[in-house]
Amino acid sequence: MPLITTPVAPPSRDPAWVGRLFWCSVALLVLWPLGVATEFRPWLLWEPQSLAVTARFLGDFFPPQLESGFLWMVAREAWRTVAIATAGISLALLVAVPLALVATRVLSVSALSGRMAAGPAALRWCVRGVLIVLRSVPELVWALVFVRVVGLGVTAGVLAIALTYAGMLGKVFTEVLESVDADPTRALLRNGTGRL
């Protein structure tokens with residue numbers, strides 16, 4: 001027997017408006033002094049002097065530059081950007097894979113046989129800490145550090161990308177390896193397979 005339900009009319013106003021109004025007021029009370037302290041003044045964007053600078057900037061896009069020299073320079077620099085990113089990611093992989101293997105508990109022989117030994121456990125936590133530091137520092141900060149060390153150029157950019165993505169890829173690889181079932185590894189080790 002089918003159930004007969006009567007349609008219910010939607011409420012005419014938002015039932016949670018009081019809570020929303022309260023939290024918006026709290027956010028405004030907290031953010032207003034912060035905006036004053038940091039001299040946040042978005043209305044300056046609409047002053048005539050700022051609008052003139054914006055109009056001049058946008059006007060420089062038209063007509064577009066289609067000279068062969070300029071287009072060749074754009075293509076060359078775009079290729080250089082791809083090369084920097086590729087070199088940075090390749091170097092990141094060279095750093096991330098070994099760190100991920102060391103940071104993975106499932107791949108520790110002592111952990112597979114029961115409780116992980118103190119030395120490997122300490123090493124694992126140190127490597128995990130290194131991965132956290134590498135991925136928590138933005139590329140721009142690493143780039144500024146490397147510009148100070150190796151000077152302004154491609155090397156600083158490649159190293160900055162490499163370190164940040166080594167931390168990210170190392171974390172991802174560690175989590176993937178940790179999610180693997182350890183039974184096949186135990187069976188291989190029991191049958192005389194080497195660690196590698």
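Hydrogens, waters and symmetry mates play no part in the numbers below; they use all other heavy atoms, side chains included.
Cluster annotation: I89 and M168 are assigned to the same hydrophobic cluster (Ile/Leu/Val/Met/Phe/Trp/Tyr, side-chain heavy-atom contacts under 4.5 Å, transitive). Tracing side-chain contacts under 4.5 Å through hydrophobic residues (I, L, V, M, F, W, Y), one reaches V130 starting from L123; they form part of the same cluster. Linking Ile, Leu, Val, Met, Phe, Trp and Tyr whenever their side-chain heavy atoms come within less than 4.5 Å puts L177 and V97 in one cluster.
Smallest separation of non-hydrogen atoms from K171 and R135: CD-CZ, 3.0 Å.
In this view, F61 and F57 satisfy the ring-ring contact (aromatic ring centres under 6.0 Å, His included) rule, not counting sequence neighbours. For A55, the side-chain contact (heavy atoms from CB on, under 4.5 Å) test picks out no residue, with sequence neighbours left out. Taking E39 as the reference, R41 meet the side-chain hydrogen bond (donor to acceptor under 3.5 Å, both in side chains) condition, with sequence neighbours excluded.
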Could you list the donor-acceptor pairs under 3.5 angstrom formed by side chains in residues 151-167, with sequence neighbours left out?
residue: T164; atom: OG1; partner: V137; partner atom: O; Å: 3.4
residue: T164; atom: OG1; partner: A160; partner atom: O; Å: 3.2
residue: Y165; atom: OH; partner: E139; partner atom: OE2; Å: 3.4

In residues 15-30, what donor-acceptor pairs under 3.5 Å come from side-chain atoms, sequence neighbours left out?
residue: R20; atom: NH1; partner: D14; partner atom: OD1; Å: 3.2
residue: R20; atom: NH1; partner: D14; partner atom: OD2; Å: 2.0
residue: S25; atom: OG; partner: L21; partner atom: O; Å: 2.8

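Other residues, nucleotides and ligands place no more than 12 heavy atoms under 6.0 Å from the CZ atom of R148.
Counting heavy atoms from C-beta outward, V127 and T174 have side chains that stay 4.5 Å or more apart.
Sorted by first and then second residue, the side-chain hydrogen bond (donor to acceptor under 3.5 Å, both in side chains) pairs involving residues 45-71 (not counting sequence neighbours) form an empty list.
Taking 4.0 Å as the cut-off between side-chain N and carboxylate O, R128 and E175 do not count as a salt-bridged pair.
Checking each of L93, L94, T86 against S90 for a side-chain contact (heavy atoms from CB on, under 4.5 Å) leaves exactly one that passes, namely T86.
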